[in-house]
Amino acid sequence: MDKKKAKLIFKHNYFDIIEEGDYVLCAISGKKIELQNLNYWNVELQEAYFSPIEVNERLKKQKNNFISIYCESISIDLDFLLSFFLKLR
């Protein structure tokens with residue numbers, strides 16, 4: 001019998017099953033996670049993770065994205081300020 005991929009909605013302490021199935025895929029590694037072994041997920045991103053290793057990888061990516069966006073916004077602000085002050089001269 002073939003196993004079927006489930007569709008879930010992740011909540012803070014549980015998940016709702018939208019479509020019956022036997023497993024979900026890890027958002028980082030792509031590994032199959034049997035529903036009875038599913039322990040790690042992100043409610044905001046609606047992603048499942050195979051283990052704490054994959055959770056850590058996602059957190060690193062989120063942190064790097066935040067730093068990148070923050071640095072881009074600082075750069076834009078500095079460009080704006082520089083052009084503003086140059087116009088005053």
Side-chain angles (χ1 to χ4, degrees):
M1 183 173 169
D2 289 332
K3 295 198 174 198
K4 182 180 173 190
K5 184 177 170 186
K7 289 189 181 179
L8 310 176
I9 294 180
F10 299 106
K11 306 290 184 164
H12 287 285
N13 294 317
Y14 64 97
F15 51 83
D16 289 331
I17 299 174
I18 302 305
E19 284 187 27
E20 290 290 331
D22 304 297
Y23 69 92
V24 292
L25 296 177
C26 174
I28 301 297
S29 67
K31 295 177 184 175
K32 286 185 180 181
I33 310 164
E34 299 290 327
L35 293 188
Q36 67 267 20
N37 296 327
L38 178 58
N39 295 308
Y40 307 99
W41 61 80
N42 184 309
V43 174
E44 291 178 16
L45 299 177
Q46 289 295 298
E47 294 180 336
Y49 308 112
F50 187 78
S51 75
I53 294 168
E54 288 83 2
V55 173
N56 192 39
E57 285 299 311
R58 174 56 76 210
L59 292 174
K60 285 181 189 175
K61 286 180 183 180
Q62 282 184 301
K63 182 179 177 183
N64 288 339
N65 287 342
F66 173 77
I67 290 170
S68 175
I69 291 167
Y70 179 74
C71 290
E72 286 174 13
S73 69
I74 289 174
S75 175
I76 292 168
D77 291 344
L78 291 176
D79 290 342
F80 170 77
L81 290 174
L82 181 61
S83 66
F84 177 78
F85 285 115
L86 287 175
K87 288 178 186 176
L88 291 177
R89 291 177 56 174

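Side-chain atoms are counted along with the backbone in the values below, which use heavy atoms only and exclude waters and symmetry mates.
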Check your understanding: Rounded to the nearest 0.5 Å, what separation is found between the NZ atom of K31 and the CG atom of L25?
Key -> 12.5 Å
**Study point:** Shortest non-hydrogen contact from V24 toward A48
**Key:** CG2-CB, 3.8 Å
**Study point:** Pi-cation contact, Y23 with K3 (under 6.0 Å, within 45°)
**Key:** no
For residues 9-20, dump all side-chain donor-acceptor pairs below 3.5 Å to protein atoms at least two apart in sequence or in another chain.
none

**Study point:** Within residues 45-55 or reaching into it, pairs that qualify as side-chain hydrogen bond (donor to acceptor under 3.5 Å, both in side chains) - sequence neighbours excluded
**Key:** E47-Y49, E47-R58, S51-E54
Check your understanding: In this structure, are over 12 heavy atoms from other groups packed under 6.0 Å from Q36 atom CD?
Key -> yes
Review point. Which heavy-atom pair separates L8 from L38 by the least distance, and what is that distance?
Key: CD1-CD2, 3.6 Å
Practice item. Would you indicate whether L45, at its atom CG, is surrounded by more than 12 heavy atoms from other residues, nucleotides or ligands within a distance under 6.0 Å? Key: yes
Study note, to complete from the structure: Rounded to the nearest 0.5 angstrom, the CG-CD1 distance for N56 and I28 is 10.0 Å
Check your understanding: Honestly curious: do L59 and I53 fall in one hydrophobic cluster under the side-chain, below-4.5 Å linking rule?
Key -> no
Check your understanding: Is there a path from I33 to L35 through hydrophobic residues (I, L, V, M, F, W, Y) whose side chains come within less than 4.5 Å of each other?
Key -> yes
